[in-house]
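A short worksheet on the structure shown next.
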Protein chains: 2
Amino acid sequence: MLNGQKNPSQCQMVVALNMIVGKWKPIILDHLLRGEALRFNELKKLIPDITQRMLTMHLRELEEQDILTRTVYPQVPPKVEYQITEYGMTLQPILTTMQAWGAKHIEHMKEKVQ
Amino acid sequence: MLNGQKNPSQCQMVVALNMIVGKWKPIILDHLLRGEALRFNELKKLIPDITQRMLTMHLRELEEQDILTRTVYPQVPPKVEYQITEYGMTLQPILTTMQAWGAKHIEHMKEKVQ
DNA sequence: CCCATTAGTATCCTTTTTGATACTATGTTT
DNA sequence: AAACATAGTATCAAAAAGGATACTAATGGG
């Protein structure tokens, strides 16, 4: 399972992990994985506590990694749409697996407390 | 898929993610998921570039989350063994899914460069 | 008595990540 | 002419993560 363990960034798991780590990235991905294009401000409203700066940064990183597309409509005021790519959709199994595990883990923690 | 999106830490995906993020955590988990108990120094040798500090910190976090057990043998020099728990084993699907995706992504990146 | 061994701690420092806040461009509307 | 809307930047500050290095305890062996 491990390859290149000298530097973690050569490890296949870590390569995958790096696509989804970032304080708000899984949440952004989750919204976009529903398939519809979303404007910057729509995402901002869906994720109220994110700062514009972090939203921009995460979106730019995901764009650079072919996970989403950024489409600028030459209008004023500006309109910019973000949409998941086909390649980005391949991340779905990772997020789904994590979501299922996370749900169970929340139960696990409740038991521990009692 | 999203629940509690106000604070990312309430999101099920993020809960799962938090178990495996940390520079060396997936690598530690990968070694322990093979099932055998490993001593501190054995892990250190398997992961040469990790510092003792980070190894200790990651192991303690994983222990606290019921992912592994820490067994101290009262000997001198000390012997401490770390072993994955049954609960920790349930992380396997996440890591396997990520590993498969990571492998494909490395190919994807190669194509992009050429 | 001194050294080696193991599994750590303690301290300080650097890097990375995230946050707060203010600012910008530019057409449209009032 | 001023205000508004959108999608950002820029700058500085704070917090979190990680790294470097030195130190420790206890005992067995030489």
Side-chain angles (χ1 to χ4, degrees), chain A residues 5-11 14-15 17-29 31-32 36-65 68-83, chain B residues 5-11 14-15 17-29 31-32 36-65 68-83:
Chain A
Q5 58 284 75
K6 178 93 182 180
N7 188 326
S9 64
Q10 258 89 73
C11 166
V14 175
V15 165
L17 207 45
N18 284 341
M19 307 299 283
I20 52 178
V21 287
K23 183 159 177 186
W24 309 91
K25 255 190 208 176
I27 294 173
I28 291 171
L29 286 172
H31 287 298
L32 288 173
E36 298 204 18
L38 290 171
R39 295 181 63 171
F40 187 86
N41 267 6
E42 289 176 325
L43 280 164
K44 182 82 189 62
K45 272 165 207 155
L46 288 167
I47 312 169
D49 283 3
I50 197 172
T51 60
Q52 296 196 193
R53 186 173 165 279
M54 285 308 294
L55 183 52
T56 304
M57 286 177 63
H58 283 334
L59 289 171
R60 293 293 156 85
E61 276 185 47
L62 292 167
E63 184 195 5
E64 195 152 318
Q65 291 160 329
L68 53 82
T69 57
R70 176 172 179 270
T71 310
V72 180
Y73 295 88
Q75 305 178 356
V76 170
K79 174 177 174 182
V80 180
E81 279 190 346
Y82 294 91
Q83 184 157 28
Chain B
Q5 57 283 74
K6 177 93 181 178
N7 188 325
S9 64
Q10 257 89 74
C11 166
V14 175
V15 165
L17 207 44
N18 284 343
M19 306 299 283
I20 53 180
V21 288
K23 184 158 176 187
W24 309 91
K25 255 189 208 176
I27 294 174
I28 292 171
L29 285 173
H31 287 298
L32 288 173
E36 296 203 19
L38 290 170
R39 296 181 62 171
F40 187 87
N41 267 7
E42 289 176 324
L43 280 164
K44 182 83 188 62
K45 272 164 207 155
L46 288 167
I47 312 169
D49 284 3
I50 198 173
T51 59
Q52 294 196 197
R53 186 174 165 275
M54 284 310 295
L55 184 51
T56 304
M57 288 178 64
H58 283 334
L59 289 171
R60 293 292 156 87
E61 276 185 46
L62 292 167
E63 184 195 5
E64 195 152 317
Q65 291 160 329
L68 53 82
T69 56
R70 175 172 179 271
T71 311
V72 181
Y73 295 87
Q75 307 178 353
V76 170
K79 174 177 172 179
V80 179
E81 279 189 343
Y82 295 90
Q83 184 157 30

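What you see below is based on every heavy atom in this structure, not just the backbone, and it leaves out hydrogens, waters and symmetry mates. Chain A is the first sequence line, chain B the second, and so forth, proteins listed ahead of strands; every chain is numbered from 1. This structure is a prediction, so every number in the text was calculated from the model and none was measured.
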Atom CD1 of B/Ile47 and atom C1' of C/dA7: how far apart are they, to the nearest Å? 15 Å
Please report the distance, rounded to the nearest Å, between NZ in A/Lys79 and C1' in C/dT28. 16 Å
How would you list, by chain and number, every residue that makes a side-chain hydrogen bond (donor to acceptor under 3.5 Å, both in side chains) with A/Glu42, sequence neighbours excluded? none
Can you give one letter per nucleotide of nucleotides 10-30 of chain D, 5' to 3': B if a protein heavy atom sits under 4.0 Å from the base, S if only from the sugar-phosphate, - if neither? -B------BBB-----BB---
Please give, in whole Å, the distance from D/dA5 C1' to A/Glu42 CD? 14 Å
Can you establish whether the number of heavy atoms outside A/Glu36 located under 6.0 Å from its atom CD is more than 12? no
Length of the CD-P vector between A/Gln75 and C/dG27, whole Å: 12 Å
Check every strand shown and say whether B/Lys44 touches a base, only sugar-phosphate, or nothing at a heavy-atom separation below 4.0 Å. nothing
Determine, stepwise, if the pair B/Asn18 / B/Gln65 fulfils side chain to side chain contact (heavy atoms under 4.5 Å, CB included). CA-CA 10 Å; B/Asn18 284 343; B/Gln65 291 160 329; 5.7 Å; no
Atom CG of A/Leu55 and atom C1' of C/dA20 are separated, to the nearest Å, by 16 Å
Side chain to side chain contact (heavy atoms under 4.5 Å, CB included) between A/Leu46 and A/Ile28, worked out: CA-CA 9 Å; A/Leu46 288 167; A/Ile28 291 171; over 6 Å; no
What is the nucleic acid contact for A/Tyr73, judged by heavy atoms within less than 4.0 Å: base, sugar-phosphate only, or nothing? nothing
For A/Leu59 and A/Phe40, run side chain to side chain contact (heavy atoms under 4.5 Å, CB included): C-alpha distance rounded to whole Å, both residues' side-chain angles, the deciding distance at 0.1 Å, then the answer. CA-CA 9 Å; A/Leu59 289 171; A/Phe40 187 86; 4.0 Å; yes
Specify the separation, in whole Å, of atom CZ of A/Arg39 and atom P of D/dA5. 13 Å
When the distance from CG of A/Leu59 to C1' of D/dT6 is rounded to whole Å, what number comes out? 14 Å
Quick one: do A/Thr71 and A/Gln83 satisfy side chain to side chain contact (heavy atoms under 4.5 Å, CB included)? Show the steps, please. CA-CA 8 Å; A/Thr71 310; A/Gln83 184 157 28; over 6 Å; no
Without decimals, in angstroms, what is the distance between A/Asn18 CG and C/dT16 P? 13 Å
